[in-house]
2 protein chains.
Amino acid sequence: MIFKLALFNANDCIKIMLKKRITIKDLARELGYAPSTISRALNNHPGISKKTKEEVQKAVKKLGYTQNSIASNFRKNTMLSIGIIVPRIGIHFHSLVISGIEEMAYMRKYNVTIFQSQDSLDREKEIAKILQTKMVDGIIVCLALETNNYDHFNQLKDNKVPVVFYDRVPENYEASKIVINDYQSAYKATEHLISSGCKRIAHISGNPEVSIYKERLKGYKAALVKHNIPLDEKLIEYTKDLNYDEGVYSAKKFLNLEHKPDGIFCANDYTAVSTIQVFKKANYSIPGDISVVGFSNYPISRIIEPTLTTINDRAFEMGQAAANLLIRQIEEKSEIISSETVVLETELIIRDSSKSFNSHK
Amino acid sequence: MIFKLALFNANDCIKIMLKKRITIKDLARELGYAPSTISRALNNHPGISKKTKEEVQKAVKKLGYTQNSIASNFRKNTMLSIGIIVPRIGIHFHSLVISGIEEMAYMRKYNVTIFQSQDSLDREKEIAKILQTKMVDGIIVCLALETNNYDHFNQLKDNKVPVVFYDRVPENYEASKIVINDYQSAYKATEHLISSGCKRIAHISGNPEVSIYKERLKGYKAALVKHNIPLDEKLIEYTKDLNYDEGVYSAKKFLNLEHKPDGIFCANDYTAVSTIQVFKKANYSIPGDISVVGFSNYPISRIIEPTLTTINDRAFEMGQAAANLLIRQIEEKSEIISSETVVLETELIIRDSSKSFNSHK
DNA sequence: TTTTATTATGCAAACGTTTGCATAGTTTAA
DNA sequence: TTAAACTATGCAAACGTTTGCATAATAAAA
């Protein structure tokens with residue numbers, strides 16, 4: 001033990017005994033180099049000889065040096081870090097997006113700090129304030145349900161922190177956005193119902209103040225109009241946040257109509273699932289009597305009986321795309337942050353809750 | 001315009017024009033105070049007069065100052081940040097835990113940085129290396145499936161970075177842990193099947209090398225033994241990671257047994273759901289012919305028909321508890337980091353996939 | 001041999017904030 | 001009136017790393 005300790009100089013001994021962190025200076029003292037040389041050696045700078053680099057690596061192991069990345073980030077004035085503001089992490093869609101973001105960020109050596117707005121505008125503002133303190137190099141946001149104005153993101157813009165929005169994105173606000181084409185997707189879903197023989201198609205909508213639900217509603221209507229099917233407001237149910245119970249409620253209303261629908265396009269899978277269950281319980285056959293199409297391709301859509309025809313909303317890819325775009329903007333460092341909108345292609349996944357194109361008579 | 005600009009001094013003008021960040025020094029110059037005074041004013045230090053604090057706040061607004069928290073963290077040698085290593089964010093259980101962590105952390109002014117190990121030991125090691133560079137003040141980990149040795153956490157220990165494990169925790173390794181009592185929970189679940197009249201109870205297990213699944217298996221066996229029901233290895237199916245398809249496979253094997261089970265305890269809800277579906281498809285009535293109990297209380301357990309009796313594994317609370325314990329350890333700063341294990345109480349949620357205590361004859 | 005490149009290293013400042021100690025000014029107590 | 005206490009502020013160092021510039025040492029070219 002004494003022999004082992006003798007290999008260290010007095011100062012290092014003290015550091016080790018006090019469990020102080022070993023710094024570059026300690027390595028410098030140990031090896032008789034200047035701190036700058038150590039720094040360059042650690043960063044594999046070309047001007048440092050191979051021999052020295054090896055010496056340094058050996059000393060790193062010996063003294064147990066780990067970089068103080070706060071100091072490094074401070075000096076380099078970059079965090080290699082991106083922030084996410086998400087309504088709720090527990091919602092499957094968002095957790096998939098976050099997963100995609102993390103995956104892409106990790107590859108590019110960035111790390112990812114998450115915040116939940118809990119769908120509250122106030123909290124979103126608070127978080128925006130926290131994030132503009134140079135804590136992150138860029139931010140990815142899905143707006144809170146409550147959010148109807150975007151001033152709190154201006155400060156970030158002013159400080160040249162790039163922001164990329166996804167899914168619930170601000171309207172009439174210059175910013176980078178990653179979205180799917182909700183209009184087009186809803187159109188596609190509705191058209192699928194039409195072409196599989198449905199004549200009276202209902203829609204369970206989210207809050208139409210929120211742009212994505214507004215677009216889905218529009219797409220639904222456009223498909224009907226295109227195929228000369230009259231719109232009927234009784235066939236549209238508006239919900240607050242498209243949860244399971246609201247789906248039950250809406251489906252029951254459809255069930256009680258004198259002239260019942262033979263197809264329902266739901267703005268998400270939760271309501272689609274509850275719709276299926278309500279109609280099954282009322283002894284309707286799906287898709288025999290009524291077809292149901294959802295939106296999002298949640299895991300449950302493959303499990304519910306019948307399995308649910310739905311739109312794959314590409315959550316994971318959305319996260320990847322958001323991280324990708326954000327990091328590009330961070331690293332561009334041009335004077336003006338460019339605004340770019342990426343629209344991801346969705347796909348209609350046809351399962352058993354709707355008749356397939358071929359099977360309709 | 002000129003008048004407005006005249007309110008700024010020359011230096012500030014340059015800063016603003018170049019869009020350089022405003023610092024404490026700029027505020028100091030603007031107001032004729034020392035930077036230290038500004039710093040104290042901003043941090044609401046008692047030694048600074050109210051008048052000065054107000055002046056400073058006014059200048060902050062005027063010049064648009066935001067703190068450089070990298071610098072601040074650097075100087076204070078703390079990040080107010082906790083890291084999470086999680087197998088996969090997209091798994092609902094983990095996203096709930098993360099949600100709980102974020103919630104607690106946010107209240108305590110910490111932020112949360114997430115990493116996915118993708119259930120890979122190598123990646124877990126890599127992340128541990130990244131995290132020990134003083135990037136975070138403490139770490140919360142759920143081990144990767146592959147992980148069978150814990151040396152990569154020793155470096156963290158050496159650098160006095162507290163670590164709290166949850167759910168999949170290391171065995172025979174001194175560390176803080178947040179767990180549920182898997183043994184007890186499985187015992188409870190199995191006993192419920194017994195007391196609702198089942199005589200032949202099967203089990204779908206996860207990988208029994210993983211401690212939580214080993215414990216669930218043990219609990220299952222113990223309940224049988226306690227109630228004098230003979231163990232039968234044919235009634236136990238081992239899976240790799242308890243996914244839906246493995247559940248289907250296992251359930252079919254049970255279905256093909258000459259002497260079929262009348263109750264199945266599944267180590268998670270996915271396999272329970274597939275079990276229900278397999279038996280339903282084979283025209284078994286649930287819970288009439290066979291009862292099924294799951295584990296985790298996933299959202300799907302309330303939707304599947306029949307709704308699934310399961311164990312509430314308290315994911316959100318687990319996250320809260322982990323963050324709580326970790327932050328306490330961070331702030332204790334005692335010389336030795338204490339190891340503490342918190343066992344959360346689970347509850348059996350009885351739904352329609354098993355007969356209730358009262359209804360069994 | 002002298003000049004010019006080339007290579008390897010060191011010096012010292014800088015990044016923005018915080019903080020222990022010092023000090024000037026003011027009030028209170030003796 | 002002087003000492004003591006308190007208030008408000010300033011000075012300067014410190015945190016650990018990086019980096020532009022300078023320099024010493026060596027090798028190559030003239």
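Each chain gets a letter, A, B and so on, in the order the sequences are listed, and its residues count up from 1. Keep in mind that the numbers below use all heavy atoms, side chains included, and drop hydrogens, waters and symmetry copies.
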To the nearest angstrom, how far is [X] atom [atom1] from [N] atom [atom2]?
X: A/I22; N: D/dT17; atom1: CD1; atom2: P; answer: 11 Å
X: A/I70; N: D/dT17; atom1: CD1; atom2: P; answer: 11 Å
X: A/N77; N: C/dT17; atom1: CG; atom2: C1'; answer: 13 Å
X: B/K134; N: D/dT17; atom1: NZ; atom2: C1'; answer: 15 Å
X: A/N73; N: C/dT17; atom1: CG; atom2: P; answer: 16 Å
X: B/R29; N: C/dG16; atom1: CZ; atom2: P; answer: 11 Å
X: A/M79; N: D/dT17; atom1: CE; atom2: P; answer: 16 Å
X: B/Q67; N: C/dG16; atom1: CD; atom2: C1'; answer: 9 Å

**Prompt:** C/dT18 phosphate, OP1 or OP2: any side-chain N/O from B/S72 under 4.0 angstrom?
**Reply:**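 Checking C/dT18 against B/S72, a side-chain N or O does come within under 4.0 Å of OP1 or OP2.
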**Message:** Just to verify, what does A/F153 make a ring-ring contact (aromatic ring centres under 6.0 Å, His included) with, not counting sequence neighbours?
**Reply:**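 So A/F153 forms a ring-ring contact (aromatic ring centres under 6.0 Å, His included) with A/F165.
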**Item:** Listed partners of B/Y106 passing ring-ring contact (aromatic ring centres under 6.0 Å, His included), at least two apart
**Value:**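 ring-ring contact (aromatic ring centres under 6.0 Å, His included) check on B/Y106 returns nothing, list empty.
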Can you list the residues that meet the salt bridge (Lys or Arg N to Asp or Glu O under 4.0 Å) rule with [X], with sequence neighbours excluded?
X: A/R75; answer: none
X: B/D137; answer: none
X: B/E126; answer: none
X: B/E340; answer: B/R328

**Terminal helix-axis angle for the helix from C/dT1-D/dA30 to C/dA30-D/dT1, with five pairs defining each axis and rounding to 10 degrees** =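 End axes: 50° apart.
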**Asked** How would you list, by chain and number, every residue that makes a side-chain contact (heavy atoms from CB on, under 4.5 Å) with A/V56, sequence neighbours excluded?
**Response**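 Partners of A/V56 under the side-chain contact (heavy atoms from CB on, under 4.5 Å) test: A/L31, A/I38, A/A41, A/L42, A/T52, A/V60.
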Could you list all N or O pairs between the protein and nucleotides 22-26 of chain C that sit under 3.5 Å apart?
none

**Residue list, side-chain hydrogen bond (donor to acceptor under 3.5 Å, both in side chains) with A/S117, at least two apart or on another chain** =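 In terms of side-chain hydrogen bond (donor to acceptor under 3.5 Å, both in side chains), with neighbours along the sequence ignored, A/S117 is linked to no residue.
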**Message:** Listing request: all salt bridge (Lys or Arg N to Asp or Glu O under 4.0 Å) pairs with a residue in residues 108-117 of chain B, at least two apart in sequence or in separate chains.
**Reply:**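 Pairs touching residues 108-117 of chain B that pass the test: B/R108-B/E331.
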**Item:** Touch class at under 4.0 angstrom, heavy-atom based, for A/N43 against every strand present
**Value:**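 The answer is sugar-phosphate, as A/N43 gets under 4.0 Å only of primed atoms, P, OP1 or OP2.
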**Request:** Assign a letter to each nucleotide of nucleotides 8-15 of chain C from its 5' end: B, base within under 4.0 Å of a protein heavy atom; S, sugar-phosphate only; -, no contact.
**Result:** BBBBBBBB
**Item:** Shortest non-hydrogen contact from B/Q132 toward A/R21
**Value:**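 Closest approach of B/Q132 to A/R21, heavy atoms only: O-NH2, 2.9 Å.
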**Asked** Going by atom types only, do A/R88 and B/S99 share a side-chain donor-acceptor pair under 3.5 Å?
**Response**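 Judged by distance alone, the side chains do not pair up.
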